[in-house]
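Please read the structure below before turning to the comments.
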Amino acid sequence: MKSLKRIFELYDEILRLPHKQEVARELRDEDDLFLLLLYSDMLGIPNPAFYYTLELYPYIIDRFHDWHLRMGMEKSPFEGIRCC
């Protein structure tokens with residue numbers, strides 16, 4: 001029974017292997033879009049959900065540095081957020 005379960009796990013892993021990088025890239029792009037939405041009001045883009053996203057800042061601030069570097073910004077574009 002264990003060997004059959006292991007065979008199914010191996011088969012599943014073999015099917016996923018070619019798509020791991022693609023899925024990781026899509027998840028990273030989705031995360032970047034979410035962070036852009038979250039910080040859009042600070043960038044001057046109107047955000048109708050700004051009031052509701054304020055609660056997320058303490059949880060997202062750790063990922064801000066990686067995000068602005070991926071977006072091509074050497075330093076933080078916001079005066080209120082110093083990470084570099």
Side-chain angles (χ1 to χ4, degrees):
M1 191 69 168
K2 280 189 173 186
S3 63
L4 186 60
K5 184 178 179 182
R6 179 66 184 140
I7 290 172
F8 282 134
E9 288 173 357
L10 184 62
Y11 177 73
D12 191 45
E13 192 172 325
I14 289 170
L15 289 178
R16 287 187 206 182
L17 189 61
H19 305 289
K20 276 189 176 183
Q21 288 181 341
E22 185 179 332
V23 169
R25 188 178 322 113
E26 287 294 326
L27 288 174
R28 189 178 60 239
D29 289 347
E30 188 176 295
D31 192 44
D32 289 345
L33 183 63
F34 174 72
L35 287 173
L36 179 63
L37 173 69
L38 190 66
Y39 294 114
S40 66
D41 201 49
M42 291 181 178
L43 291 170
I45 303 168
N47 180 0
F50 178 71
Y51 177 76
Y52 301 105
T53 58
L54 281 174
E55 296 177 2
L56 299 174
Y57 283 168
Y59 302 106
I60 304 296
I61 197 70
D62 295 335
R63 298 185 341 211
F64 178 75
H65 179 71
D66 295 330
W67 174 74
H68 82 77
L69 289 177
R70 262 196 323 271
M71 295 295 111
M73 301 176 235
E74 290 183 23
K75 300 257 184 202
S76 172
F78 308 125
E79 293 179 14
I81 300 176
R82 299 277 184 227
C83 66
C84 304

Counting only pairs under 3.5 Å, give me each side-chain donor-acceptor contact of residues 20-28, with atom names and distances, residues two or more places apart or in other chains.
none

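For L38 against T53, the heavy-atom pair with the smallest separation is CD1-CB, 3.2 Å. Scanning all heavy atoms of the two residues, the minimum distance from S40 to N47 falls at OG-CB, 3.3 Å. Shortest non-hydrogen contact noted between F34 and I60 is CE2-CD1, 4.1 Å.
With a 4.5 Å cut-off between side-chain heavy atoms of Ile, Leu, Val, Met, Phe, Trp and Tyr, the cluster of L10 takes in I14. Grouping Ile, Leu, Val, Met, Phe, Trp and Tyr residues whose side-chain heavy atoms lie under 4.5 Å apart, directly or via other members, places Y52 in a hydrophobic cluster with Y51. Through direct or indirect side-chain contacts shorter than 4.5 Å among Ile, Leu, Val, Met, Phe, Trp and Tyr, Y59 is connected to no other residue.
In terms of the salt bridge (Lys or Arg N to Asp or Glu O under 4.0 Å) criterion, E13 has no residue partners (sequence neighbours excluded). Partners of D31 according to the salt bridge (Lys or Arg N to Asp or Glu O under 4.0 Å) rule, which considers only residues two or more places apart in sequence or in another chain, are R63. For D32, the side chain to side chain donor-acceptor pair (under 3.5 Å) test picks out R70, with sequence neighbours left out. In this view, D29 satisfies the salt bridge (Lys or Arg N to Asp or Glu O under 4.0 Å) rule with no residue, not counting sequence neighbours.
Rounding to the nearest 0.5 Å gives a distance of 6.5 Å between CG of L35 and CH2 of W67. Annotation: the span from L37 atom CG to I45 atom CD1 amounts to 9.5 Å, rounded to 0.5 Å.
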